[in-house]
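In what follows, a single structure is set out as C-alpha cells and then discussed.
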Amino acid sequence: MEQLVVLAIIGLLSLINWAVQKSNEKRTEAKAKRDVVRGERKKSQRNIYTQPPPVPTARKPQPPRDPFQDLMEALGLPPEAAPPSPIFPRELAPPVIATPLEDEEFASLEEEPPKPHVST
C-alpha cells in the first residue's frame with residue numbers, strides 16, 4: 001500500500017515537472033518572437049541623439065476663417081443663417097408690498113413693552 005502512495009506522489013511530481021518545462025519552452029518562444037518584433041521596430045525608430053529630426057512638410061497657408069462660421073458648422077446649422085434674435089426678459093410688474101392694517105400693533109424695541117393686565 002505504501003509503495004502505491006509513493007508511486008502516485010512520484011508520478012504527480014513528474015507530471016508537474018513536465019508542465020513547468022512546457023510552459024518554460026512556450027515562454028522562451030514568445031520572448032524570442034517579441035524580441036524579433038522589437039528589433040524591427042527599433043531599427044525603424046530614429047535615435048534622437050544621433051539623427052536629426054525630420055523636416056516637416058510645408059503646408060499651404062489657410063485663409064483666416066470666421067470663428068462664428070466655424071461655430072455654426074459645429075452646431076450643424078447652415079453657415080449663411082443669421083444668428084437668432086436675442087431674447088429679452090418680459091416686463092415684470094413691481095412686487096406688491098403688503099401694508100400693515102390700522103388696528104395691528106407691532107412691538108418696537110425702542111418702547112417699553114406694555115405691562116400685562118392682571119385681574120384681581
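These numbers come from the heavy atoms of this one structure, side chains and all, not from hydrogens, waters or symmetry mates.
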Per-pair distances, 0.1 Å, donor-acceptor, side chain in residues 2-12, under 3.5 Å, sequence neighbours excluded:
none

### Query
How far apart are the C-alpha atoms of L75 and L71, what are their side-chain angles, what is the distance that settles it, and do they pass the side chain to side chain contact (heavy atoms under 4.5 Å, CB included) test?
CA-CA 6 Å; L75 293 175; L71 176 66; 4.1 Å; yes
### Query
Does the distance from a Lys or Arg side-chain N to an Asp or Glu carboxylate O, for R34 and E29, drop under 4.0 Å?
no
#### Entry: Separation between CD of Q21 and CD1 of I16, rounded to the nearest 0.5 Å
12.5 Å
### Query
Nearest 0.5 Å, what's the OG1-NZ distance between T28 and K33?
11.5 Å
### Query
Measuring from N17:CG to K22:NZ, what's the distance to the nearest 0.5 Å?
12.0 Å
